[in-house]
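This report refers to the structure that appears directly beneath it.
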Amino acid sequence: MKNSYMTVETTFMPGCACFSFQSDKDIQNGAVVGKGELIEGENSIYAATDDYSGGMYLVANPAWDYDTSRRENQNEENFINKAGIPFRVYELKKDRKFTVGNLPSSVTLKKGDFVEFQDGTYAKASGTQLKVVAIKEGGFPFFVGSYGTPADGDTANEYGYTAGTKNTKYTIEVMA
């Protein structure tokens, strides 16, 4: 089964303010959005936009589903921030780092690449504020938990805890 949505880890985000945003479309954790006007009738929930001129904000809402009837609901890759429902974001500041995973297989980034968030994922770009500073591959697709132990004969730990699953995680630093 292919995992559905990006996962995010707020690796090094001290001093970054948290805000409540809301979008008119479903949005994944790990997305980068801009800060719009206050939502009508609200005093602390802002509209998420594609315009970054007023700053960039990382969508990093707790990935926890309160419907405990199905255990897989608790996995980060099954989580999506639904349209019209507020979610948490972090203001991205210089020298702060975050890690995203579960990107589409078509995304091939290297350490040192500058990236931007476009069309629902990360892509190479020049002259942006976001730079890939580390890449880690493992067999466990989520940030919460451990990579597990390698299966017998799996010396490269390609499969780790979840057989047949492999994930690349990109640590991205805010450069300006």
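No experiment lies behind these values; they were computed from the predicted model shown.
Between the side chain of D26 and the backbone N or O of A83, at least one donor-acceptor pair lies under 3.5 Å. Formation of a donor-acceptor pair under 3.5 Å by the N102 side chain with backbone atoms of Y5 is found in this model. Proximity of a side-chain donor or acceptor of Y52 to a complementary backbone N or O of V32 within less than 3.5 Å is detected. A donor-acceptor pair under 3.5 Å links the side-chain atoms of N61 to the main chain of R88, judged by distance alone.
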> Under the side-chain contact (heavy atoms from CB on, under 4.5 Å) criterion, do V59 and F87 qualify, and how do the steps go?
Replying inline: CA-CA 7 Å; V59 177; F87 52 87; 3.7 Å; yes
> Does the side-chain contact (heavy atoms from CB on, under 4.5 Å) test come out yes or no for T171 and F12, once each step is laid out?
Replying inline: CA-CA 10 Å; T171 300; F12 183 73; over 6 Å; no
> Do F21 and I27 pass the side-chain contact (heavy atoms from CB on, under 4.5 Å) test, and can you show the C-alpha distance, the side-chain angles, and the key distance before you say yes or no?
Replying inline: CA-CA 11 Å; F21 278 24; I27 193 162; over 6 Å; no
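The ring of F19 has its center closer than 6.0 angstrom to the ring center of Y57.
Distance check, rounded to the nearest 0.5 Å: CD of E9 to OG1 of T99 gives 5.0 Å. Remark: I85 CD1 to I80 CD1 distance equals 11.0 Å, nearest 0.5 Å.
Remark: of the listed residues I135, L109, V100, I135 is the sole one forming a side chain to side chain contact (heavy atoms under 4.5 Å, CB included) with T168.
Side-chain contact between L92 and M13 is present, with at least one heavy-atom pair separated by less than 4.5 Å.
Within 6.0 Å of the NZ atom in K124, the count of heavy atoms belonging to other residues, nucleotides or ligands exceeds 12.
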